[in-house]
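Chain naming here is simple, since letters A, B, ... match the order of the sequence lines and numbering starts at 1 in each.
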2 protein chains.
Amino acid sequence: MAAVTIKDVAAEAGVSIATVSNAFSGRKFVSPEVVRRVEEAARTLGYQKNIAASQLRTGRVKVVGVLVPSLADTFFAALVSDLEKLAEADGYQVLVATSGDDAAREAAQLGALLGWKPSGLIAVPCTNAIPDTLRREMVALPVVLVDRIGEEDLPVDTVVVDNHAAGREAAQHVLEKGHREILIAASVAGLRPIAERIRGITDACLAAGVAPRIVELGTDVEEGAARLGAFLAREGHPTAVIATTNVTTLATLTAFAQAGIDMPADVSLVGFDDYAWMTARRVPLSAVRQPISDIAQSAWSCLMTRIGGSADAAVRIVLDAPLQRRNSVGVSRRVLDTA
Amino acid sequence: MAAVTIKDVAAEAGVSIATVSNAFSGRKFVSPEVVRRVEEAARTLGYQKNIAASQLRTGRVKVVGVLVPSLADTFFAALVSDLEKLAEADGYQVLVATSGDDAAREAAQLGALLGWKPSGLIAVPCTNAIPDTLRREMVALPVVLVDRIGEEDLPVDTVVVDNHAAGREAAQHVLEKGHREILIAASVAGLRPIAERIRGITDACLAAGVAPRIVELGTDVEEGAARLGAFLAREGHPTAVIATTNVTTLATLTAFAQAGIDMPADVSLVGFDDYAWMTARRVPLSAVRQPISDIAQSAWSCLMTRIGGSADAAVRIVLDAPLQRRNSVGVSRRVLDTA
DNA sequence: GCGGCAAAGATAAACGTTTTACTTAAGGGT
DNA sequence: ACCCTTAAGTAAAACGTTTATCTTTGCCGC
């Protein structure tokens with residue numbers, strides 16, 4: 001049961017291996033009759049091109065690496081899902097790796113990815129700092145960085161969301177409803193996108209003469225809920241919470257449920273990201289909607305133009321994350337009472 | 001900027017390429033001094049082993065293909081996430097492909113996966129029928145089939161959930177609470193796991209002299225919600241709904257929210273799968289919990305023993321999916337009224 | 001002092017494909 | 001009748017590893 005190679009096909013079809021290769025690739029003209037014989041032979045033998053051999057010879061292969069912090073996070077899973085579809089449409093395979101938000105693992109995974117000599121790489125770095133492995137590779141390999149971009153002026157294409165505007169819009173919405181005691185449920189405040197969301201919220205609040213508080217909940221739902229519960233018990237309730245990721249949204253909701261807090265009657269909430277479960281509730285969540293499929297689309301087309309050989313200056317795509325106004329933000333009691 | 005190969009490293013370190021290879025693999029003794037020089041050289045040159053070349057020579061490569069219907073479905077995303085972690089721990093890379101529940105795409109993706117000559121394959125078939133491409137490969141390649149298994153007695157290892165028991169348990173819970181008008185929110189009734197869940201529910205109901213109704217909602221949340229809404233408007237409300245997938249759970253909840261149905265006061269619900277968002281609610285969902293990480297773990301260890309060369313008879317692993325009793329199933333009004 | 005042996009490396013072949021350069025045969029213009 | 005071109009296909013080299021086989025060197029016993 002040795003694997004069937006191009007040689008076997010050639011023998012079966014009674015031609016040379018070069019002709020078989022040409023018949024498949026179409027790089028050189030092969031008479032229709034011979035093509036038919038080759039295809040026939042390949043079919044009967046169950047021939048599968050050995051991609052490793054092909055890639056070794058040509059040096060290129062239609063595979064792109066995708067590196068994300070975690071597939072357990074819906075945001076990244078959805079992103080990878082979209083990228084995978086786009087890749088398939090263009091005949092590319094996707095090699096997935098996850099860093100688990102750990103810089104060492106990220107570097108290791110990157111190395112493994114690079115060993116495949118992919119045509120390109122789409123990565124969501126797990127920290128603000130671009131790992132050295134990647135930085136070295138960026139000059140030769142088409143790379144697109146997404147979401148977690150620590151620095152400006154990177155030499156590669158980047159796709160990000162306008163986090164500052166998103167934060168600002170969320171805050172303004174809450175302020176308009178009369179809230180003055182605002183809590184920011186951040187995941188990890190040190191991460192650039194989170195920091196910008198926080199800054200957006202803070203800027204809007206400050207402009208209204210309000211100083212928001214911040215609590216860091218991490219990247220795990222259970223733990224985040226526990227931390228928020230502890231915070232609430234210790235510091236008292238705000239009238240509105242703005243979550244900065246889908247995980248913190250979930251953690252906040254969990255904490256609310258555990259503490260018997262009614263939303264929006266007791267506390268209002270603006271969530272982050274927009275998934276089906278957020279609307280499948282008695283009180284659908286107002287949330288900042290990250291345009292996941294646009295992000296994927298932008299990243300993919302950037303990558304494709306780079307792979308196509310473009311040497312243009314690095315582009316920085318900034319997408320809007322509009323607020324979806326639903327029912328989880330109520331008019332603050334302060335306003336109601338004065339009315 | 002030609003890629004740096006083993007040859008360059010050999011030159012830099014002043015040894016032959018065979019020695020470099022041996023220094024890395026440790027297959028033959030190489031003096032510590034030389035190993036040091038080789039590693040040094042590799043580091044300064046930024047050497048990355050070319051996996052294609054390696055695989056071409058050895059015929060094996062540490063990569064396994066994973067084929068699932070969709071990464072947008074949390075269940076599969078979580079499964080892939082777990083598999084990816086297990087793979088990483090064993091030094092394997094994962095090649096992901098999605099079939100989008102389309103048989104033709106599945107066959108195509110399978111072909112693409114196989115071209116990499118992976119060491120193994122973990123697949124969730126998108127239909128009850130195993131595609132021919134796969135069936136042919138199963139004799140030579142270690143394959144583990146998960147979740148969607150149409151036939152018994154396959155010649156490969158399979159990992160499934162005891163869907164019949166899961167359905168039965170869900171139904172019994174609802175029956176115990178006094179419900180008699182039960183609606184099954186199925187995704188696609190033709191799929192084997194779904195069919196078994198339905199059968200489990202039906203068997204339990206029939207034993208209690210109750211005939212459940214069934215509605216098919218498909219695999220998309222929006223559309224499922226619309227279909228359920230229409231069904232409810234047309235046929236009237238049951239007192240309890242049992243959903244058979246996480247997507248139908250979401251669709252049901254969406255329909256409830258849209259129709260202003262209160263859960264559990266108006267209608268009770270047993271969900272399927274168990275995610276954070278199900279408990280992050282005022283009324284946490286009772287749900288059948290599929291043991292995703294156990295599934296992944298079982299599938300992975302099956303695959304590893306096969307890759308290790310085991311030729312034992314195919315094993316069929318059946319895992320329990322226990323019911324998590326929470327608050328979304330209320331005592332039926334019928335019972336309350338008589339009390 | 002010499003055969004023999006072990007230790008540490010080197011040489012070269014092989015993996016399956018792509019592709020360049022070559023062969024062969026047939027046709028075409030003058 | 002001759003040369004030149006074109007068409008269709010073939011032979012062989014190359015890609016970067018791994019590994020079986022060969023070489024060199026030093027060392028041992030006698």
Salt-bridge present (A:R105, B:E88; N to O < 4.0 Å): yes
Please determine whether a side-chain nitrogen of the Lys or Arg among B:K85 and B:D90 lies less than 4.0 Å from a carboxylate oxygen of the Asp or Glu. no
Please, which pairs that meet side-chain hydrogen bond (donor to acceptor under 3.5 Å, both in side chains) have at least one residue in residues 13-29 of chain A, sequence neighbours excluded? A:S16-A:T19
Measuring from B:L191:CG to B:T219:OG1, what's the distance to the nearest 0.5 Å?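 Output value for this atom pair is 9.5 Å.
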Identify whether any heavy atom of [X] sits under 4.0 Å from a base atom; if not, whether one sits that close to sugar-phosphate; answer base, sugar-phosphate or nothing.
X     : result
B:T58 : sugar-phosphate
B:I17 : base
A:F24 : nothing
A:T5  : sugar-phosphate

Residue A:S16, side-chain heavy atoms: nucleotide from D:dA11, C:dT18, D:dT19 that is nearest: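 Closest of the options to the side chain of A:S16: D:dA11.
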Nearest whole Å is fine: how far is [N] [atom2] from [X] [atom1]?
X      : N      : atom1 : atom2 : answer
A:R60  : D:dC15 : CZ    : P     : 14 Å
B:I51  : C:dT17 : CD1   : C1'   : 18 Å
B:R57  : C:dC15 : CZ    : C1'   : 6 Å
B:L56  : D:dT19 : CG    : P     : 12 Å
B:N50  : D:dA14 : CG    : C1'   : 14 Å
B:R37  : C:dA8  : CZ    : P     : 14 Å
B:F29  : D:dT19 : CZ    : C1'   : 19 Å
A:L114 : D:dG16 : CG    : C1'   : 16 Å

Restricting both atoms to N or O, compile the protein contacts to nucleotides 20-24 of chain D shorter than 3.5 Å, with distance only.
residue	atom	partner	partner atom	Å
D:dT21	O4	B:K28	NZ	3.4

Under a plain distance cut-off of 3.5 Å, with no hydrogens placed, do B:W300 and B:D82 share a side-chain donor-acceptor pair?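 No pair is found: no donor N or O on one side chain lies under 3.5 Å from an acceptor on the other.
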Please determine, by modelled atom types, if A:S99 and A:Q109 share a side-chain donor-acceptor pair under 3.5 angstrom. no
Quick one: is [X] getting a side-chain N or O under 4.0 Å of the [N] phosphate, OP1 or OP2?
X     : N      : value
A:K49 : C:dT18 : yes
B:S21 : D:dT18 : yes
A:S31 : D:dG9  : yes

Mapping B:T19 and B:A52 onto DNA chain D by nearest heavy atom, which one lands closer to the 5' end? B:A52
Heavy atoms of other groups near B:K49 NZ, more than 12 under 6.0 Å: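 At most 12 heavy atoms, drawn from other residues, nucleotides or ligands, come within 6.0 Å of this atom.
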